[in-house]
Undergrad: 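Before I ask anything, here is the structure I am working with.
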Amino acid sequence: RWNRIDPPYTIHPGQRLRLTATATPSAHVSSRPPSRAAASARTQQPPAKSAPVRNDPVASPIAWRWPTNGRVARQFATDAQGKQGVELQGSLGQPITAAAAGQIVYAGSGLRGYGNLVIIKHNGRYLTAYGYNREILVREGDSVQVGQQIATMGAGPGREPALHFELRRDGKPVDPIPYLPIK
C-alpha cells in the first residue's frame, strides 16, 4: 500500500520502495477498492517473507551482487593506508564477475599493488575495482552486465588466492559490505 504497487505486485531493479511510513499506511493508499481477484489472491496466499536487507547508509539505485564466492578475509578500514576495500578469499582461477552492470574504464596492471586490475564505472556516482586477478577477460570500453565474468582470481600479497574488491561512491572508497546482499 505504501508504495502503491497494484497486482500482480511486480517490482523492478532500481525502483525505490518505502519500507517504513511516517504517516499511517492508509494515507498512502489508493482510493479505489481492490478488485475481487486481488482480494481473493490475498486471502488464498500466505504473506511473502521479506528478504533480509542491510542497513545501507545511502540508498543506492543499483542492485549489487557479490563479485565472487569466498570468505571475507580482510574487512574495510577507513584508516587503511593505500587500498581501501575488502579482500575475498577463494581458489586460483575461480570466476570474478561484475557486481553490477557498467562500462570497463580500466583493465591492466599499471597500478602498483593491485596486480591485474579491472575498474567498472556503473553510473556517475559508483565504480568498482577488482584487483589481484590472474587473467583479465575484458577490455577498456567494454560494456558488462551484472554477473558477467570479467576475470579469474589470482593471488594477493600473501600469495594466497584472493580478490581485492573496492566500491567507490563519488570517487571516495566506501565499505562495500552494506551494499551487497546478505550471504
Side-chain angles (χ1 to χ4, degrees), residues 3-6 8-19 48-76 83-111 113-154 156 161-183:
N3 293 290
R4 298 181 183 161
I5 300 173
D6 294 323
Y9 310 109
T10 304
I11 58 174
H12 304 280
Q15 179 178 352
R16 290 181 185 251
L17 298 175
R18 178 173 300 177
L19 300 177
K49 292 183 180 176
S50 297
V53 176
R54 291 193 185 274
N55 185 15
D56 184 355
V58 176
S60 171
I62 298 172
W64 301 97
R65 287 180 50 175
W66 286 87
T68 195
N69 292 324
R71 181 179 73 80
V72 177
R74 187 175 58 84
Q75 297 284 337
F76 179 84
K83 299 184 294 278
Q84 289 189 329
V86 296
E87 192 171 295
L88 304 172
Q89 286 185 330
S91 303
L92 282 177
Q94 88 180 40
I96 304 300
T97 62
Q103 183 173 20
I104 305 298
V105 294
Y106 181 81
S109 60
L111 292 173
Y114 288 90
N116 287 326
L117 175 68
V118 175
I119 300 175
I120 302 174
K121 183 175 182 177
H122 302 287
N123 60 22
R125 267 195 113 177
Y126 293 95
L127 64 80
T128 49
Y130 311 75
Y132 310 153
N133 298 299
R134 174 189 262 180
E135 180 181 12
I136 295 175
L137 304 174
V138 292
R139 289 187 230 162
E140 289 178 27
D142 286 354
S143 291
V144 294
Q145 300 302 311
V146 61
Q148 179 179 335
Q149 186 173 357
I150 58 171
T152 60
M153 185 177 286
L163 168 69
H164 173 76
F165 179 65
E166 288 187 22
L167 175 62
R168 291 185 176 246
R169 184 180 69 228
D170 299 326
K172 296 182 175 137
V174 295
D175 185 355
I177 301 299
Y179 292 83
L180 299 170
I182 295 172
K183 284 187 176 185

Undergrad: Is the shortest side-chain heavy-atom distance between Q84 and F76 below 4.5 Å?
TA: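 Yes, their side chains come closer than 4.5 Å.
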Undergrad: Quick one: CD1 on I120 to CD on Q148, what's the gap to the nearest 0.5 Å?
TA: 8.5 Å
Undergrad: Return yes if some donor-acceptor pair links the side-chain N/O of K83 with the main-chain N/O of H164 below 3.5 Å, else return no.
TA: no
Undergrad: Applying side-chain contact (heavy atoms from CB on, under 4.5 Å), run through L167 and V86 and close with a yes or a no.
TA: CA-CA 9 Å; L167 175 62; V86 296; over 6 Å; no
Undergrad: Taking all heavy atoms of L127 and all of K121, pick out the closest pair and write down the distance.
TA: CB-CA, 4.0 Å
Undergrad: Under 6.0 Å between ring centres: does that hold for F165 and Y130?
TA: yes
Undergrad: Which heavy atom of H122 sits nearest a heavy atom of A100, and at what distance?
TA: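 For H122 and A100, the tightest heavy-atom pair comes out as CE1-O, 3.2 Å.
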Undergrad: How many angstroms lie between CG in D170 and CZ in R125, if you round to the nearest 0.5 Å?
TA: 4.0 Å
Undergrad: Just how far is it from atom CD1 of I136 to atom CG of L117, taken to the nearest 0.5 Å?
TA: 7.0 Å
Undergrad: Looking at side-chain heavy atoms only, is the closest gap between T128 and V118 below 4.5 Å?
TA: no
Undergrad: Decide side-chain contact (heavy atoms from CB on, under 4.5 Å) for E140 and Y106; before the verdict, give the C-alpha distance in whole Å, the side-chain angles of both, and the deciding distance to 0.1 Å.
TA: CA-CA 5 Å; E140 289 178 27; Y106 181 81; 3.8 Å; yes
Undergrad: Out of curiosity, Q94 CD to Q149 CD, how far, rounded to the nearest 0.5 Å?
TA: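 Separation between the atoms: 10.0 Å.
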Undergrad: Just wondering, more than 12 heavy atoms not from N69 lying within 6.0 Å of its CG?
TA: no
Undergrad: Could you tell me which non-hydrogen atom of P161 sits nearest to which non-hydrogen atom of G90, and how far apart they are?
TA: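 That closest heavy-atom pairing would be CB-O, 3.3 Å.
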Undergrad: CZ/R169 to CG/D175 distance, rounded to the nearest 0.5 angstrom?
TA: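 Reported to 0.5 Å precision, the distance equals 10.5 Å.
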Undergrad: So do I177 and W66 actually touch side chain to side chain, heavy atoms under 4.5 Å?
TA: yes
Undergrad: Would you call V72 and L88 a side-chain contact if the rule is heavy atoms closer than 4.5 Å?
TA: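 Heavy-atom side-chain distance check passes, below 4.5 Å.
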Undergrad: List the atom of A98, the atom of V144, and the distance in Å for their closest heavy-atom pair.
TA: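 Looking at all heavy atoms of both residues, the shortest contact is CB-CG2, 4.0 Å.
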Undergrad: Between the main-chain N or O of I96 and the side-chain N or O of T68, is there a donor-acceptor pair closer than 3.5 Å?
TA: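 A pair under 3.5 Å: no.
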Undergrad: Please answer whether the main-chain N or O of P67 pairs with a side-chain N or O of T97 as donor and acceptor at a distance below 3.5 Å.
TA: yes
Undergrad: Between N133 (side chain) and N116 (backbone), is there a donor-acceptor pair under 3.5 Å?
TA: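 Yes; at least one donor-acceptor contact below 3.5 Å.
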Undergrad: Could you go through L137 and I150, starting from their C-alpha distance and side-chain angles, then the distance that decides it, and tell me whether this counts as side-chain contact (heavy atoms from CB on, under 4.5 Å)?
TA: CA-CA 5 Å; L137 304 174; I150 58 171; 5.8 Å; no
Undergrad: What's the separation between atom CD in E135 and atom CE in M153, rounded to the nearest 0.5 Å?
TA: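 Rounded to the nearest 0.5 Å, the CD-CE separation comes to 14.0 Å.
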